[in-house]
Colleague: 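One structure, as C-alpha cells, below. Some questions next.
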Amino acid sequence: MTRRKRRNHTSAFKAKVAVAALKGERTLAELAEEFDVHPNQIQDWKKRLVDGAEGVFGANAVEAQHAERETQKLHAKIGQLTMENDFLSKFLGRDR
C-alpha cells in the first residue's frame with residue numbers, strides 16, 4: 001500500500017467544504033467521498049469556520065478601522081514632511 005502525497009488545499013476549497021458541511025444536507029461520509037477528503041478534516045474545517053465567524057463581525061472589524069485611521073495619519077505626516085523637505089531644499093539652494 002503506497003502512501004498518498006500530502007495535499008495542500010486552497011482556502012476557497014476549505015471554505016466550500018466547510019459551508020457544505022454546515023448546511024447539513026449530506027452526511028460527513030458523503031461529503032468526504034465527494035470532495036476526496038477525510039471526514040475528520042471536514043469536521044476540523046467546519047469547526048474553524050464556526051469559530052472564526054465572530055471575527056467577521058467583531059474585533060477584526062474594529063482593528064481594521066483602527067488600522068485605516070492610523071494609515072491616514074501616517075500618510076498625512078508623510079505629506080507634511082515632504083513639503084518641509086522641499087521647502088528647506090529650496091531655501092538652502094539644493095533644488096532637486
Colleague: So how far is it from Lys16 NZ to Phe35 CZ, rounded to the nearest 0.5 Å?
Modeller: 5.0 Å
Colleague: Within this structure, what is the CD-CD distance for the pair Glu68 and Glu70, rounded to the nearest 0.5 Å?
Modeller: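 If we round to the nearest 0.5 Å, Glu68:CD and Glu70:CD are 11.0 Å apart.
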Colleague: In Å, rounded to the nearest 0.5 Å, how long is the span from CG of Asn85 to CE of Met83?
Modeller: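 The CG atom of Asn85 sits 12.0 Å away from the CE atom of Met83.
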Colleague: Linking I/L/V/M/F/W/Y whenever any side-chain heavy atoms sit under 4.5 Å apart, do Val19 and Val50 land together?
Modeller: yes
Colleague: Within this structure, what is the NZ-CG distance for the pair Lys14 and Asp44, rounded to the nearest 0.5 Å?
Modeller: 9.0 Å
Colleague: Give the intermediate values and the outcome of side-chain contact (heavy atoms from CB on, under 4.5 Å) for residues Asp36 and Arg7.
Modeller: CA-CA 11 Å; Asp36 193 29; Arg7 296 180 291 173; 3.2 Å; yes
Colleague: Transitively linked via ILVMFWY side-chain contacts under 4.5 Å: Leu31 with Val37?
Modeller: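 Yes, Leu31 and Val37 fall within the same hydrophobic cluster.
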Colleague: Return yes if some donor-acceptor pair links the side-chain N/O of Glu30 with the main-chain N/O of Thr27 below 3.5 Å, else return no.
Modeller: yes
Colleague: Find the distance between CD (Gln43) and CG (Asn40) and round it off to the nearest 0.5 Å.
Modeller: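 The CD atom of Gln43 sits 8.0 Å away from the CG atom of Asn40.
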Colleague: Could you grab the distance from atom CG of Leu81 to atom CG of Leu88, nearest 0.5 Å is fine?
Modeller: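 Rounded to the nearest 0.5 Å, the CG-CG separation comes to 10.5 Å.
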Colleague: Quick one: do Phe13 and Leu28 end up in the same hydrophobic cluster if we chain Ile, Leu, Val, Met, Phe, Trp and Tyr together by side-chain heavy atoms under 4.5 Å apart?
Modeller: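 Same cluster: Phe13 reaches Leu28 through Ile, Leu, Val, Met, Phe, Trp or Tyr contacts under 4.5 Å.
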